[in-house]
Amino acid sequence: MRDGFDNSPLNEIPPVVWALLIPVVAVEVVVAAGASGFVGGPGAVGWRLDALQRFAFSPEILKYMLETGAWPAEHVMRFVTYLFVHGSTTHAVFASVFVLALGKFVGEVFRAWAVVAVFFTSAIVGALAYSAIPDLRVPLFGAYPAVYGLIGAFTFILWARLGAEHANRYRAFTLIGFLMGIKLVFGLLFGGGLDWVADLAGFVAGFALSFVVSPGGWTAVVARLRQR
């Protein structure tokens with residue numbers, strides 16, 4: 001084999017990204033296998049619905065906890081467990097691809113703990129923003145608010161690099177603008193829910209948190225800005 005051609009590209013993925021991705025893949029493999037009848041018998045057909053009922057984030061449950069002051073662990077954990085359940089295999093596959101691609105890019109710049117912080121903080125902020133929509137009863141599920149948090153970190157990295165090169169920093173926001181535009185078009189053409197609110201909030205959280213958790217943190221950003 002020629003040098004450089006016998007290395008697996010999977011080895012280049014930071015371990016922290018695999019750690020975040022494996023639960024997504026594992027849950028989807030189990031529920032998809034059950035729906036296909038490979039495991040679990042007839043009752044396994046409903047595993048996806050059961051997983052959504054147990055782990056999806058519910059604005060109504062949050063409202064109930066706020067009103068009663070009771071915070072059962074099985075409901076509090078929904079702030080992060082909703083990331084690992086999806087509405088379909090296609091839904092999970094696209095989320096996994098984004099986690100791998102964006103996680104690799106961000107994980108090559110940020111430390112492992114910073115990637116984890118961006119991933120889960122974006123998820124929590126996205127869930128809170130989603131629950132702030134009045135009279136919303138549809139649960140939130142899927143990894144996309146955390147994915148958009150990684151997009152926020154990705155945007156921050158580009159923003160910082162463009163600033164260092166004295167280039168137009170607004171170019172860093174091309175990806176999020178494109179994705180939000182696609183969501184808008186699809187929503188107008190085919191209808192859709194309000195999960196984009198959670199996605200956008202996740203992006204803002206990921207971008208903002210990057211000022212703190214990126215290498216050098218806020219001090220390094222201020223130093224770069226003062227050099228302009």
Side-chain angles (χ1 to χ4, degrees), residues 8-40 44-57 77-108 112 115-116 118-120 122-124 126-127 130 138-155 174-187 189-203 205-206:
S8 171
L10 298 181
N11 293 333
E12 300 175 0
I13 306 296
V16 65
V17 178
W18 288 117
L20 296 172
L21 182 65
I22 285 173
V24 175
V25 175
V27 171
E28 184 57 36
V29 167
V30 171
V31 297
S36 300
F38 291 120
V39 296
V45 175
W47 281 357
R48 186 182 301 277
L49 180 59
D50 182 59
L52 290 170
Q53 290 175 339
R54 294 178 59 187
F55 301 119
F57 178 81
M77 70 179 187
R78 291 172 183 264
F79 277 101
V80 293
T81 58
Y82 81 86
L83 297 172
F84 304 114
V85 291
H86 294 79
S88 67
T89 298
T90 301
H91 190 206
V93 167
F94 276 99
S96 298
V97 170
F98 276 115
V99 170
L100 277 176
L102 292 163
K104 180 182 185 300
F105 187 93
V106 175
E108 290 175 345
V115 176
V116 173
V118 167
F119 191 83
F120 287 110
S122 301
I124 294 170
Y130 183 75
V138 180
L140 178 66
F141 52 87
Y144 283 96
V147 165
Y148 274 80
L150 293 175
I151 294 174
F154 169 83
T155 301
T174 301
L175 178 60
I176 185 62
F178 173 76
L179 292 175
M180 284 290 110
I182 291 295
K183 276 184 171 286
L184 175 62
V185 171
F186 271 79
L189 292 177
F190 308 108
L194 295 172
D195 55 335
W196 63 268
V197 174
D199 297 342
L200 184 58
F203 168 81

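Since the model is a prediction, treat every value here as computed from it, not as a measurement. Side chains are part of it too, since the values below use all heavy atoms of this structure and drop only hydrogens, waters and symmetry mates.
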**Student:** Nearest heavy-atom pair of V25 and S96: which atoms, and what distance?
**Tutor:** CG2-OG, 4.1 Å
**Student:** For the residue pair A95 and V147, what are the closest heavy atoms and their distance?
**Tutor:**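 Closest approach of A95 to V147, heavy atoms only: O-CG2, 4.0 Å.
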**Student:** According to the salt bridge (Lys or Arg N to Asp or Glu O under 4.0 Å) rule, which pairs have a member within residues 82-94, sequence neighbours left out?
**Tutor:** none
**Student:** Looking only at heavy atoms, which two atoms of V118 and G149 are closest? And how far apart?
**Tutor:** CG1-O, 3.4 Å
**Student:** Are any side-chain N or O atoms of Y82 and backbone N or O atoms of A123, one a donor and one an acceptor, separated by less than 3.5 Å?
**Tutor:** yes
**Student:** Starting at CZ of F141, measure out to CG of L52 and round the result to the nearest 0.5 Å.
**Tutor:**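 CG of L52 is found 5.5 Å from CZ of F141.
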**Student:** Does CZ in F94 sit with more than 12 non-hydrogen atoms of other residues, nucleotides or ligands closer than 6.0 Å?
**Tutor:** no
**Student:** List the residues meeting side-chain hydrogen bond (donor to acceptor under 3.5 Å, both in side chains) with Q53, not counting sequence neighbours, and say none if there are none.
**Tutor:**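 Partners of Q53 by the side-chain hydrogen bond (donor to acceptor under 3.5 Å, both in side chains) criterion come out as none, since no residue qualifies.
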**Student:** Would K104 and V17 satisfy side-chain contact (heavy atoms from CB on, under 4.5 Å), going step by step from the backbone distance to the final call?
**Tutor:** CA-CA 7 Å; K104 180 182 185 300; V17 178; 5.6 Å; no
**Student:** Can you name the nearest heavy-atom pair linking V30 to W47, along with the distance?
**Tutor:** O-CE3, 3.6 Å
**Student:** To the nearest 0.5 Å, what is the distance between OG1 on T174 and CG on L179?
**Tutor:** 11.0 Å
**Student:** Looking only at heavy atoms, what is the nearest atom pair of L140 and A127, with distance?
**Tutor:** CD2-CA, 3.9 Å
**Student:** Rounded to the nearest 0.5 Å, what separation is found between the CG atom of L102 and the CZ atom of F105?
**Tutor:**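 Here the rounded value is 9.0 Å.
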**Student:** Please check if the side chain of R48 supplies one atom and the backbone of V85 the other of a donor-acceptor pair under 3.5 Å.
**Tutor:**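 No, the answer is negative, given that no donor and acceptor are paired below the 3.5 Å cut-off.
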**Student:** Step by step, work out the side-chain contact (heavy atoms from CB on, under 4.5 Å) result for F154 and I176.
**Tutor:** CA-CA 10 Å; F154 169 83; I176 185 62; over 6 Å; no
**Student:** Nearest 0.5 angstrom please: H91 NE2 to E28 CD, how far?
**Tutor:** 10.0 Å
**Student:** When rounded to the nearest 0.5 angstrom, what distance separates CD1 in I151 from CZ in F178?
**Tutor:** 11.0 Å
**Student:** Should Y148 and M180 count as side-chain neighbours, where that means a heavy-atom distance under 4.5 Å?
**Tutor:**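 Heavy-atom side-chain distance check passes, below 4.5 Å.
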**Student:** Could you check if a side-chain atom of V115 sits within less than 4.5 angstrom of a side-chain atom of L20, using non-hydrogen atoms only?
**Tutor:** yes
**Student:** Which is it for L150 and F98 under the side-chain contact (heavy atoms from CB on, under 4.5 Å) test, yes or no, and what are the steps along the way?
**Tutor:** CA-CA 9 Å; L150 293 175; F98 276 115; over 6 Å; no
**Student:** Show your working on side-chain contact (heavy atoms from CB on, under 4.5 Å) between Y144 and L83 and close with a plain yes or no.
**Tutor:** CA-CA 7 Å; Y144 283 96; L83 297 172; over 6 Å; no
**Student:** Under the side chain to side chain contact (heavy atoms under 4.5 Å, CB included) rule, collect the residues that match up with T81, sequence neighbours excluded.
**Tutor:** F55, M77, R78
**Student:** Just to verify, what does F57 make a ring-ring contact (aromatic ring centres under 6.0 Å, His included) with, not counting sequence neighbours?
**Tutor:** F79
**Student:** Could I get the full list of side-chain hydrogen bond (donor to acceptor under 3.5 Å, both in side chains) partners for S88, not counting sequence neighbours?
**Tutor:** none
**Student:** Search all heavy atoms of G126 against all heavy atoms of A201 and return the closest pair with its distance.
**Tutor:** CA-CB, 4.0 Å
**Student:** In Å and rounded to the nearest 0.5 Å, what is the CD1 to CH2 distance from I182 to W196?
**Tutor:**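 If I round to the nearest 0.5 Å, the distance is 16.0 Å.
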**Student:** Among residues two or more places apart or on two chains, list those pairs meeting salt bridge (Lys or Arg N to Asp or Glu O under 4.0 Å) that have a residue in residues 90-102.
**Tutor:** none
